[in-house]
Visitor: 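Take a look at the following structure, please.
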Amino acid sequence: MDVAEPGPRSVELPVACWLVIDSAMGDEISVEGERGDEAGVVELGLSVRRAGWNALPDWPSDPQGFASWPRSGQQVTIALSESQWSLVVAVLDRWAEVYDGLDDPKQTEEARRCRAIAEHIRRDLDSMP
């Protein structure tokens, strides 16, 4: 008998952090798609990205739109299932390791950001009943 997953859990983040998540998730989807996606990451990852896009109706539709978006301090609340949040944290941790291995100061900073966002999410989820 399958046990139903609990309902979505909401986490509030700066939009700038969600952009880091979206980018890392896009990279993960690409890599897993090339490897055959035996773990089903592509579908779950796409659902995570869609949830973010849906939560941000002002998401730019063209690359030039990102020049002035998001506005400074803009926040977003993202509601994801436990399995989606687990994937987000795992992807952030994995890409932090990848970025650390590139021996580039910009990538080292990106690794730090990934770890900080993953920790923020863990802390928020752990504090929920």
Side-chain angles (χ1 to χ4, degrees):
M1 179 171 133
D2 288 336
V3 176
E5 186 169 9
R9 301 171 86 187
S10 297
V11 173
E12 184 177 32
L13 297 161
V15 173
C17 291
W18 184 258
L19 293 177
V20 172
I21 293 169
D22 184 74
S23 177
M25 194 63 62
D27 291 341
E28 190 74 8
I29 289 166
S30 243
V31 169
E32 288 301 316
E34 289 174 10
R35 291 180 178 166
D37 192 32
E38 291 180 20
V41 169
V42 171
E43 184 178 333
L44 188 59
L46 285 171
S47 73
V48 168
R49 294 186 85 194
R50 266 191 241 94
W53 301 333
N54 291 340
L56 291 159
D58 60 339
W59 186 282
S61 57
D62 60 70
Q64 294 81 14
F66 285 97
S68 60
W69 187 89
R71 69 183 180 281
S72 180
Q74 184 176 348
Q75 297 281 116
V76 63
T77 299
I78 303 290
L80 299 175
S81 68
E82 190 173 323
S83 59
Q84 287 171 313
W85 281 122
S86 293
L87 178 62
V88 167
V89 170
V91 165
L92 289 169
D93 288 342
R94 178 173 123 66
W95 285 96
E97 288 182 27
V98 169
Y99 298 143
D100 274 340
L102 297 177
D103 194 33
D104 175 326
K106 287 183 181 181
Q107 298 304 324
T108 300
E109 177 59 22
E110 193 66 9
R112 187 200 63 74
R113 288 179 68 198
C114 284
R115 285 189 181 93
I117 295 166
E119 182 55 33
H120 172 94
I121 292 167
R122 282 186 190 98
R123 192 173 45 251
D124 277 14
L125 293 175
D126 287 348
S127 71
M128 291 180 190

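For the single chain, residues carry numbers from 1 onward in sequence order.
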Visitor: Mind listing the closest non-hydrogen atom pair of Ala79 and Pro8 along with its distance?
Guide: CB-CB, 4.0 Å
Visitor: Counting C-beta onward and ignoring hydrogens, is there a side-chain heavy-atom pair between Trp18 and Ile78 closer than 4.5 Å?
Guide: yes
Visitor: Where do Trp59 and Asn54 land on the side chain to side chain contact (heavy atoms under 4.5 Å, CB included) test, with the steps shown first?
Guide: CA-CA 9 Å; Trp59 186 282; Asn54 291 340; over 6 Å; no
Visitor: Does the side chain of Arg9 come within less than 4.5 Å of Leu80's, by heavy atoms?
Guide: no
Visitor: Measure from the side-chain N and O atoms of His120 to the backbone N and O of Cys17, and report whether any donor-acceptor pair falls under 3.5 Å.
Guide: no
Visitor: Consider side-chain contact (heavy atoms from CB on, under 4.5 Å). Of Ile117, Val11, Ile121, Leu44, which one does Val88 pass it with?
Guide: Ile121
Visitor: Less than 4.5 Å apart, side chain to side chain, heavy atoms only: is that true for Pro14 and Gln74?
Guide: no
Visitor: Is there a donor-acceptor contact under 3.5 Å linking the side chains of Trp53 and Asp22?
Guide: yes
Visitor: Is there a donor-acceptor pair under 3.5 Å between the side chain of Thr108 and the backbone N or O of Asp104?
Guide: yes
Visitor: Mind checking whether Ile29 and Arg49 have side chains closer than 4.5 Å, heavy atoms only?
Guide: yes
Visitor: Determine the minimum heavy-atom distance between Ser10 and Met128, stating which atoms define it.
Guide: O-CE, 2.7 Å
Visitor: Can you name the nearest heavy-atom pair linking Gln84 to Ser47, along with the distance?
Guide: NE2-OG, 2.8 Å
Visitor: Using a 4.5 Å cut-off on heavy atoms from C-beta on, say whether the side chain of Val15 contacts that of Arg71.
Guide: no
Visitor: On a heavy-atom basis, which atom in Trp85 and which in Leu125 lie closest, and how many Å separate them?
Guide: CB-CD1, 3.6 Å
Visitor: Between Trp69 and Asp58, is any side-chain donor less than 3.5 angstrom from a side-chain acceptor?
Guide: yes
Visitor: For Asp93, enumerate each residue passing the salt bridge (Lys or Arg N to Asp or Glu O under 4.0 Å) test, keeping only those at least two apart in sequence or located in another chain.
Guide: Arg122
Visitor: Between Trp95 and Ala24, which heavy-atom pair has the shortest distance, and what is it?
Guide: NE1-O, 3.7 Å
Visitor: At what distance, to the nearest 0.5 angstrom, does OG1 of Thr77 lie from CG of Leu13?
Guide: 8.0 Å
Visitor: May I ask you to test the Met25-Leu87 pair for a side-chain heavy-atom distance under 4.5 Å?
Guide: yes
Visitor: Could you check Gln107, Glu110, Arg115, Arg112 and say which one makes a side-chain contact (heavy atoms from CB on, under 4.5 Å) with Asp100?
Guide: Arg115
Visitor: Does Arg94 offer a backbone N or O that forms a donor-acceptor pair with the side chain of Glu97 under 3.5 Å?
Guide: no
Visitor: Closest heavy-atom contact between Val20 and Cys114?
Guide: CG1-SG, 3.9 Å
Visitor: Who are the side-chain contact (heavy atoms from CB on, under 4.5 Å) partners of Ser30, not counting sequence neighbours?
Guide: none
